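Remember, it's a predicted structure, so these values are computed and weren't measured experimentally.
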Amino acid sequence: MAVAVVKSRALNGMEAPEVVVEAHLANGLPAFTLVGLPETEVKEARDRVRAAIQNARFEFPARRITVNLAPADLPKESGRFDLPIALAILAASGQIPADKFQHTEFAGELALTGELRPVRGALAMALATRSAGRRLVLPVASAGEAALASGVETLGATSLLEVCAWLAGQGTLPEPESRLAAAAPDYPDFSDVKGQASARRALEVAAAGSHSVLMAGPPGTGKSMLAARFPGILPAMDEIESLEAAAVQSLNGGFRLEHWQRRPFRAPHHTASAVALVGGGGNPRPGEISLAHHGVLFLDELPEFSRQVLEVLREPLESGRITISRAARQADFPARFQLVAAMNPCPCGYLGHPTQACRDTPDQIARYRGRISGPLLDRIDIQISVPALSQDELMQAGSGEPSAQIRARVEAARARQLTRQGKPNNALGNAEIDLHCVLDSAGEALLKQAIARLNLSARAYHRVLKLARTVADLAASPAIGTAHLAEAIQYRRPAA
């Protein structure tokens, strides 16, 4: 035939829209034209495809070749279209049969030798292919990732020649294992932490209700150590959460099979830009907040981040999503993460330290703390101080409670929340707060005093109620008691 059609997938945010690769051979001087809004890496496919076809011992047609990537208004990027372009040319020249093209999609980057290299977004492509009811052929290195999506037939290939042999009925393509062996993720353990009982309790409350945390304290008090161990006390990921987190990481090529069902932990440096944090680019890719989806985003030295960078966190902290808009396209990424931040109480770090003297003036301290805006602080549920350890605490052997015991309490509290309202307490809306966070007369009086003395905003008022509901869930209490509310209120006191 003079025309062949092969189906593939592009990437547009979290979606993988279908791309139809059409190859047409015509008489005339030999030429290879690629149309359909290809970017530079796609245009370079002409040379890769030519070399791969010749090294696979096929004949590259000495004719006028036109390859169209439809739809024409969808930008095409990366080398994922190498394999479908090569197959379309071979089918159009009659060198391979095309009877399997109708029910199969192909993606893969070709080496000059004809070997297949992995591509980004394999899991997103597999989910889209499942909706279309077709099978998917990918490089072996990407097929295992795509096979995590159940309900889609995924085949892995090592070379162009192997795919052509399968199409001709002269070979088979292996199907990777659909699931990995369920191995418990290996997180750092809380038993390593010395002292800091109040900080550990606050992190337990944060894990139980999916609340955000800000820790303030002098250098060396264990703030980073506590944050690194926080994912280990979060509830185990279910299949839906695991697929969503893996699909986001796959868009940047950062997903590894050994990280399946492991909570993401992202800790960008304070020099990171706003685009690095929320995502962006001409072809939008997810940023750190999306790569931390269903996991933890740790911002150490919070005031050292640019003010503009910190302000972009306000919307996703509320909505759990981020929309990146460009002139020609728009991409929507999930960003339901738990924010854990750490800071020093002053520029030198020793304000309130029992043995070290602070050398900063009040104006310097005020400017330092002023780098974090009030609206952002208002969105952080738990704000605690992490004091310096005493000599006795520092010298004694680590005897803290292990993460497994804390996680058991957290999972029990989270199960109560899911049974009651179907979501963590942090995600409760105003109407749900009125329904599930009812206070008695003593609690109402205490909360009124807290609002007056701490000057709590309407947002902070609702967040205190949600925190109190989480504390009550940890205590297995159906109602919010005065003690639960008092603990929640103390977490809203400015950390310094």
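- Using a cutoff of 4.0 Å between basic side-chain nitrogens and carboxylate oxygens, Glu18 and Arg134 are scored as salt-bridged.
- Heavy-atom minimum distance, Ala342 versus Asp300: CB-OD1, 3.6 Å.
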Set out, in order, the CA-CA distance, both residues' side-chain angles and the distance that settles side-chain contact (heavy atoms from CB on, under 4.5 Å) for Leu83 and Leu138, then state yes or no.
CA-CA 9 Å; Leu83 177 60; Leu138 290 170; over 6 Å; no
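- Between the side chain of Arg130 and the main chain of Gly151, no donor-acceptor pair closer than 3.5 Å is present.
- Using a 4.5 Å heavy-atom cutoff, the side chains of Leu116 and Val163 are in contact.
- In terms of modelled atom types and a separation under 3.5 Å, the side chain of His270 and the main chain of Glu304 share no donor-acceptor contact.
- At a threshold of 4.0 Å, the pair Glu244-Arg336 does not count as salt-bridged, since none of the basic side-chain nitrogens sits closer than that to a carboxylate oxygen.
- Under the 3.5 Å distance criterion, the side-chain polar atoms of Arg369 are left unmatched by any main-chain donor or acceptor of Pro303.
- Between Glu39 and Lys43, no side-chain nitrogen of the basic residue sits less than 4.0 Å from a carboxylate oxygen of the acidic one, so the salt-bridge criterion is not met.
- For Glu411 and Arg414, the salt-bridge test fails: no basic side-chain N is under 4.0 Å from an acidic carboxylate O.
- Of the possible donor and acceptor atoms, none in the side chain of Ser250 sits under 3.5 Å from a partner among the backbone N and O of Ala246.
- With a 4.5 Å cut-off on side-chain heavy atoms, Cys164 and Leu90 count as touching.
- Partners of Arg117 by salt bridge (Lys or Arg N to Asp or Glu O under 4.0 Å), not counting sequence neighbours: none found.
- Looking only at distances, no side-chain donor or acceptor of Asp82 sits under 3.5 Å from a matching main-chain atom of Gly108.
- The shortest distance between side-chain heavy atoms of His294 and Phe337 does not fall below 4.5 Å.
- Remark: the Glu105 side chain and the Thr129 side chain contain an N/O donor-acceptor pair separated by less than 3.5 Å.
- A salt bridge links Glu288 and Arg266; the closest N-O separation between the charged side-chain nitrogens and carboxylate oxygens is under 4.0 Å.
- The two residues Gln364 and Pro347 come nearest to each other via the heavy atoms O-CG, 3.9 Å.
- Checking Gln95 against Ser93 by side-chain atom types alone, a donor-acceptor pair falls below 3.5 Å.
- Interatomic distance, NZ of Lys466 versus NE2 of His211, reported as 8.0 Å (0.5 Å rounding).
- Among all heavy-atom pairs drawn from Ala124 and Leu251, the shortest one is CB-CD2, 4.2 Å.
- Between Glu145 and Arg120 no salt bridge is recorded (no basic side-chain N to carboxylate O distance below 4.0 Å).
- Atom CZ in Arg314 sits 10.0 Å away from atom CG in Asp378 (nearest 0.5 Å).
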side-chain contact (heavy atoms from CB on, under 4.5 Å) between Phe106 and Phe101: does it pass, once the steps are laid out?
CA-CA 9 Å; Phe106 301 86; Phe101 286 170; 3.8 Å; yes
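- A salt bridge links Arg463 with Glu318: at least one charged nitrogen is closer than 4.0 Å to a carboxylate oxygen.
- The two residues Asn426 and Asp381 come nearest to each other via the heavy atoms OD1-OD2, 3.1 Å.
- At least one side-chain heavy atom of Val67 sits under 4.5 Å from a side-chain heavy atom of Val21.
- Side-chain N or O atoms of Ser8 include none that pairs as donor or acceptor with a backbone N or O of Phe81 at under 3.5 Å.
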Can you list the steps and then say if Phe60 with Ile65 is a side-chain contact (heavy atoms from CB on, under 4.5 Å)?
CA-CA 10 Å; Phe60 190 82; Ile65 304 173; 3.7 Å; yes
Given the rule in the side-chain contact (heavy atoms from CB on, under 4.5 Å) test, do Leu148 and Leu243 qualify, once you have shown the distances and angles that lead to the verdict?
CA-CA 8 Å; Leu148 295 174; Leu243 279 174; 4.3 Å; yes
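- Residues Leu123 and Ala146 approach most closely at CD1-O, 4.2 Å, considering heavy atoms.
- The number of heavy-atom neighbours closer than 6.0 Å to CZ of Arg64, taken from other residues, nucleotides and ligands shown, is 12 or below.
- For Arg263 (side chain) and Pro235 (main-chain N/O), a donor-acceptor pair under 3.5 Å exists by modelled atom type.
- Side chain to side chain, Gln338 and Ser212 fail the donor-acceptor criterion of an N or O pair below 3.5 Å.
- Looking at heavy atoms from C-beta onward, Leu313 lies in side-chain contact with Ile289 at the 4.5 angstrom threshold.
- Between atom CG of residue Leu173 and atom OG1 of residue Thr104 there is a gap of 9.5 Å, rounded to the nearest 0.5 Å.
- Here the CZ-CD1 distance, from Phe58 to Ile89, works out to 12.5 Å after rounding to the nearest 0.5 Å.
- With a 4.5 Å cut-off on side-chain heavy atoms, Leu87 and Ile96 count as touching.
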For a side-chain hydrogen bond (donor to acceptor under 3.5 Å, both in side chains) check, start with the C-alpha distance between Thr323 and Asp332, then their side-chain angles and the critical distance, and finish with the verdict.
CA-CA 4 Å; Thr323 300; Asp332 191 57; 2.7 Å; yes
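- Salt-bridge formation is detected for the pair Lys423/Glu432: a Lys NZ or Arg NE/NH1/NH2 atom is positioned less than 4.0 Å from an Asp or Glu carboxylate oxygen.
- With Gln417 contributing its side chain and Asn425 its backbone, the two residues share a donor-acceptor pair below 3.5 Å.
- The main-chain N or O of Pro375 is found under 3.5 Å from a side-chain atom of Arg379 such that the two form a donor-acceptor pair.
- You'll find the side chain of Leu291 reaches within 4.5 Å of the side chain of Val248, heavy atoms only.
- Ser78 and Arg80 form a side-chain donor-acceptor contact under 3.5 Å, judged by distance and modelled atom types alone.
- Phe255 places a side-chain heavy atom less than 4.5 Å from the side chain of Trp260.
- With Thr221 contributing its side chain and Gly217 its backbone, the two residues share no donor-acceptor pair below 3.5 Å.
- Rounded to the nearest 0.5 Å, atoms CZ (Arg135) and CD (Glu175) are 10.0 Å apart.
- Taking CG of Leu160 as the start and CZ of Arg57 as the end, the distance is 12.5 Å to the nearest 0.5 Å.
- Taking the charged nitrogens against the carboxylate oxygens, Glu204 and Arg409 do have a contact shorter than 4.0 Å, which makes a salt bridge.
- By the 4.0 Å N-to-carboxylate-O rule, Arg229 lies too far from Asp189 to be salt-bridged with it.
- Considering all non-hydrogen atoms of both residues, Thr470 and Ala208 come closest at CG2-CB, 3.7 Å.
- A donor and an acceptor atom, one from each side chain of Thr158 and Glu115, are nowhere located under 3.5 Å apart.
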Apply the test salt bridge (Lys or Arg N to Asp or Glu O under 4.0 Å) to residues Lys76 and Glu41: give CA-CA distance (whole Å), side-chain angles for both, the deciding distance (0.1 Å), then the verdict.
CA-CA 9 Å; Lys76 321 297 187 308; Glu41 56 265 40; over 6 Å; no
